[in-house]
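What follows is one structure encoded as structure tokens, with my remarks underneath.
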There are 4 protein chains.
Amino acid sequence: MESGTAHRGNRHGRSEEARQAVLEAADDLLAERGFAGVTIEGIAARAGVAKQTIYRWWPSKVDVLLEAFTEDMAQHLTPEDHGDLGTDLRAHLARLAEFLTQSDPGAVFRALTGQAQHDPQLATRLRDDHLSAQRDRDRIPLLRAIERGELPGDLDVDVALDHLVGPVHYRVLVTGAPVPRAFTDDLVAAFLHRHQQHDQH
Amino acid sequence: MESGTAHRGNRHGRSEEARQAVLEAADDLLAERGFAGVTIEGIAARAGVAKQTIYRWWPSKVDVLLEAFTEDMAQHLTPEDHGDLGTDLRAHLARLAEFLTQSDPGAVFRALTGQAQHDPQLATRLRDDHLSAQRDRDRIPLLRAIERGELPGDLDVDVALDHLVGPVHYRVLVTGAPVPRAFTDDLVAAFLHRHQQHDQH
Amino acid sequence: MESGTAHRGNRHGRSEEARQAVLEAADDLLAERGFAGVTIEGIAARAGVAKQTIYRWWPSKVDVLLEAFTEDMAQHLTPEDHGDLGTDLRAHLARLAEFLTQSDPGAVFRALTGQAQHDPQLATRLRDDHLSAQRDRDRIPLLRAIERGELPGDLDVDVALDHLVGPVHYRVLVTGAPVPRAFTDDLVAAFLHRHQQHDQH
Amino acid sequence: MESGTAHRGNRHGRSEEARQAVLEAADDLLAERGFAGVTIEGIAARAGVAKQTIYRWWPSKVDVLLEAFTEDMAQHLTPEDHGDLGTDLRAHLARLAEFLTQSDPGAVFRALTGQAQHDPQLATRLRDDHLSAQRDRDRIPLLRAIERGELPGDLDVDVALDHLVGPVHYRVLVTGAPVPRAFTDDLVAAFLHRHQQHDQH
DNA sequence: TGCTAAGCGAGACGGTACGTCACGTCTTGCG
DNA sequence: CGCAAGACGTGACGTACCGTCTCGCTTAGCA
């Protein structure tokens, strides 16, 4: 885009080159030195970019991380359709656990969620711009199951979601315990046991 | 002990007066200005204490908050015994929700948990020194129920706990959604439905 | 040069405005509160300048004073030519005494010379960068007199200078005795008596 | 004195042991790290003495150094009587030069004189308590010469002294030039040339 | 084909907080 | 009652980043 040519200084708007360098530098610094080690000065130095260029396009360092984060999130965590609620949920929760505990964008998510505890504005932005989209994706298997008649039509989908993904986030953010497949499968089992007992077998 | 006399600087060690002033100042600053507004300089100024006195006894501001937090936590969140699992759990989860969302030490907990996402050492300390004690308290109603025969002896208590308190923490730390009594009661209902089905109806 | 425009922070380097404010503040503080009262923090506060700006350009407070001193010194203490050795020397020594005991830059000189007793590096710098230039100026009347034939060509000019200015510095730095015109005139008389005895009477 | 027994804590007055340890520690620190490296805390630590013990007996670190200095000074620099003014003066100035440039107490003298440029109170104390005694000793050869008739009775002895010792101090404190025997002998020669010309032949 | 305006790198600036050092005062318990 | 020990309030140190600013270079699109 932008005609594709690299350039330093022009009148066509921002340099895509600089933007990418900033996002990568921020990601790298987070991985290498943790959240506190991400500083505007550090990003600028590592990206070979002027501080002013960062301030021109991002209000703060969390915004840089948010943008870096956004690019990666949707690819992961879009649930597939296996035609069966239990299979869908087991697969999705397992992917969620792996995303949160293993992936680089998962690390960014944890850092941003941590920072959001200190910064209500960030919390709001994180929820509105990013988590709500993810919640929408999370909802898909349940809505499909309702359509299929596997779940009652009056199910409170949001509460159901909290029961399913809540314990996973709790382990990741609070106890630090691992989130093995057995744990996520058991969550799904509990959920199905409650809401599908009469339909089962 | 020590006959209770206040003293400022002597060979018996630290001034209890200064210690209390620091802890209170840190708590107040967290409540008023958030985690970023808690500063060693700010604590010192508000507590009427020298910076050096803080550095003498606490390695960092999170250690001050941790100590302040410890003093408050146990009082809250020790579950009572109503002789009935459902009643115990409903009461305990409601108290937990209220602690996390309404109380001052709950705010400290959220801040420390947030910071722990950036600082693995803090995460470890928080879990080992504080959360594990709370987990032990959380376990009490379940263990009592097992003794009473209300729950099967082979129940995985830790997993059960994650199912119960996980969604509450998830709402508090991630979605920011409120945690009303209906939500916690429903968590308990789901739990009882699964593990006490034979006794029900 | 540079068209003389003031500027605060740009790639051409430092702000002349800030530089002047720092030098003046340092001078003022020395005059008002003495050497111990000259503080980087104090200079910064009085000059309305950030501490970092001082550290960026001067390694220590003595360097600030040295620079402030340099600006003032040459104006004073450049000997005039009266065409006569005795007149030249009497005028020059009187000016020196007045400079050392009465003037602000004289106070800076005393402070720096005092500090140089504690700091050999400063001593070297003070001698090489500043005192040697002054010694060169001091030498002028003697060299002119040699050219005129008033003094023998083989006179050891450096030793002669020590005889002339040494007692003045001694009173200023050590005994604290006043240095009246009679004292400096007498020094000149002693000097002329020794080296011009054939011309006398 | 003090009954001679070493003691830690008693009611017989101060501990001579502690006093000596403090003076030695101060001297050592001055030699090893310079004036800025002499701190009350450092003296206390090295002497194995409590800070309070130092503050009890000395108002400041310069007082410690002053006391250490006093013990050494008189031994040096008491002029001998050779029966001849020129011999007396040449010997005395040579001893003075050696004291100032080579000896440990000479280093203390330079440090204290340096500090006196920043601290008028110290300057006064230094002059009244120490330099005036030395001036008295310096005067002896001249007074003896006046008695012997080698010098006129109306000689201004103080001015004469300044002419003799001033250039030596100037080299030591200001230019840092060496003070060889030739320099001091020449000072004496100049002095004798002026005041004894009629007696010479 | 030069003019001109926007994005860029560089980096100085006024600030705030950091964590350290030494100050001089104090309070205690031992000898 | 002098002493060792050492905690205390105070204030300056020198450093790291913050977010703002000014500058000169580079480059495209317009004149």
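Just so you know, these numbers come straight off a predicted model, no measurement behind them. Throughout, a chain's letter reflects where its sequence line sits, starting with A, and its residues are numbered from 1.
Between K61(B) and E41(B) there is no salt bridge, since no side-chain N of the basic residue sits under 4.0 Å from a carboxylate O of the acidic one. Using a cutoff of 4.0 Å between basic side-chain nitrogens and carboxylate oxygens, E24(C) and R19(C) are not scored as salt-bridged.
Taking only distance into account, the side chain of K51(A) never meets the base of dG11(E) through a donor-acceptor pair shorter than 3.5 Å. Taking only distance into account, the side chain of Q52(A) meets the base of dC21(F) through a donor-acceptor pair shorter than 3.5 Å.
If you measure from atom CZ of R46(C) to atom P of dA12(F), you get 14 Å, rounded to the nearest angstrom. Atom-to-atom, CD1 of I43(A) to C1' of dG9(E) comes out at 17 Å; the value is rounded to the nearest Å. A straight line from CZ of R19(D) to P of dC3(F) spans 12 Å, rounded to a whole angstrom. Atom pair E16(A):CD and dC8(E):C1' shows a separation of 15 Å (rounding to whole Å applied).
Inter-residue side-chain proximity for H130(C) and F109(C) is flagged as unmet; no heavy-atom pair is nearer than 4.5 Å.
The stretch residues 28-42 of chain D touches DNA chain E through T39(D), I40(D), E41(D), each having a heavy atom within less than 4.0 Å of the strand. Within residues 54-63 of chain B, the residues that have a heavy atom under 4.0 Å from DNA chain F are, in order of number, R56(B), W57(B).
At least one donor-acceptor pair under 3.5 Å links the side chain of Q117(D) to the backbone N or O of L173(C). Counting only distance, with no hydrogens or angles, the side chain of H118(C) and the backbone of A36(D) share no donor-acceptor pair below 3.5 Å.
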**Item:** R46(A) and D28(A): CA distance, side-chain angles, deciding distance, side chain to side chain contact (heavy atoms under 4.5 Å, CB included) verdict
**Value:** CA-CA 9 Å; R46(A) 177 187 278 246; D28(A) 292 353; 3.4 Å; yes

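A side chain to side chain contact (heavy atoms under 4.5 Å, CB included) with L126(A) holds for exactly one of L66(A), V62(A), D119(A); it is L66(A).
Judged as a ring pair (Phe, Tyr, Trp, His ring centres under 6.0 Å), not a single pair has a partner in residues 36-67 of chain D (not counting sequence neighbours).
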